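Just so it is clear, the structure is predicted and the values come from calculations on it, not from any experiment. Sequence lines set the chain letters: A, B, ... in the order given, protein chains first and strands last, and positions in each chain run from 1.
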Protein chains: 2
Amino acid sequence: MARAATTTDAFNAVAEPRRREILDALAGGELAVGDLTELLGLAQPQVSKHLRVLREVGLVDVRDDGRRRLYRVNAAPLREVHAWVGRYERLWNERFDLMDDVLDELTETEAETETRGGD
Amino acid sequence: MARAATTTDAFNAVAEPRRREILDALAGGELAVGDLTELLGLAQPQVSKHLRVLREVGLVDVRDDGRRRLYRVNAAPLREVHAWVGRYERLWNERFDLMDDVLDELTETEAETETRGGD
DNA sequence: TTGACACATTCCCATATGGGTATATGTTTG
DNA sequence: CAAACATATACCCATATGGGAATGTGTCAA
């Protein structure tokens, strides 16, 4: 099997930096494809393709406006991502507590070393 | 260019469900590779390869214990993910508020419709 | 030292990717 | 209608993937 499709879920869709940029841009409100190509400095077909992926996982909605298509964010699929990552919030805090302990120990060790006159 | 490497960052590393399972398993504490293969029902080489990816993005640390290798979570790299997704929390809530509005409107419409005696 | 054990690495392969470029579809204007 | 504009799709390609299977590396026991 190969890597899971980018359209599998929000996790995969959002792993691509360009798609995160698109969502960030759309966070301010509806934008047309042309606006996005300009903002991202990316060619139009690529933008359209990224938007397709985002649409397929439900991260954006489209609306027709004459010959343009206005895209807007639908953050709902990000809830799952947020929920999963959120479960680790406690862990990375603990991690930093541990880090502090280690740093303290290092400081003590250095103090001892200096007392002994170096290695 | 092809898709970004899974070892590029936590976003990409965590897009793979198996790797999320591994992290979930390790959330309870240190585990050896063998424990993980059993828990995930995945072959040992595959587990080792997933662990390599997780190591390369700093999501796990290793420790030697005789002929086994104990892995533990290091959630720090998930902070960035959490931070990015977190910016959309307000948006998906707004989204649900809008949904509520829509539902209200629908209810009203139905009420009218019933008053008028159906469609 | 040999064998058993635990894990890492290598090779093979079908697959989807993302960018580039060209072209199709659809809409507005003249 | 044709031309211009906005967007979507199709195609080509180098690349990394993740699983399967085989093998390499290092550690413990007899």
* Asked: Where along nucleotides 14-20 of chain D does protein come under 4.0 Å, by heavy atom, of base (B) or sugar-phosphate alone (S), with - for untouched nucleotides?
  -> -BSBBBB

* Once you round it to whole Å, what is the distance between C1' of dT9(D) and CZ of R55(A)? -> 11 Å

Could you list all N or O pairs between the protein and nucleotides 5-7 of chain C that sit under 3.5 Å apart?
{"residue": "dC7(C)", "atom": "OP1", "partner": "V33(B)", "partner atom": "N", "Å": "3.2"}
{"residue": "dC7(C)", "atom": "OP2", "partner": "G34(B)", "partner atom": "N", "Å": "2.8"}

* Asked: Judged by modelled atom types alone, do N93(B) and Y88(B) share a side-chain donor-acceptor pair under 3.5 Å?
  -> no

* Asked: In whole angstroms, how far is the P atom of dA8(D) from the CG atom of L51(A)?
  -> 7 Å

* What closest approach, in Å, do A25(A) and L31(A) show between heavy atoms, and which atom pair accounts for it? -> O-CD1, 3.7 Å

* Under 4.0 angstrom between R52(B) side-chain N/O and dT9(C) OP1 or OP2 -> yes

* Calculate the interatomic distance between L36(A) atom CG and dA6(D) atom P; express it in whole Å. => 14 Å

* Asked: What residues form a ring-ring contact (aromatic ring centres under 6.0 Å, His included) with Y71(A), not counting sequence neighbours?
  -> none

* Asked: Would R20(B) and E16(B) pass as an ion pair if we require N to O under 4.0 Å?
  -> no

* Under 3.5 Å, is there a donor-acceptor pair linking the side chains of H50(A) and R19(A)? -> yes

* Is it the case that one hydrophobic cluster holds both L42(B) and L26(B), taking links as side-chain heavy atoms less than 4.5 Å apart, direct or via other members? -> yes

* **Nucleotide dA8(D), atom C1' - distance to CD of E56(A) in whole Å** => 13 Å

* Residue pair L51(B) / I22(B), side-chain heavy-atom distance below 4.5 Å -> yes

* Is the shortest side-chain N to carboxylate O distance from D61(B) to R55(B) below 4.0 Å? -> no

* Atom-to-atom span, CD of E30(A) to P of dA6(D) - whole angstrom -> 17 Å

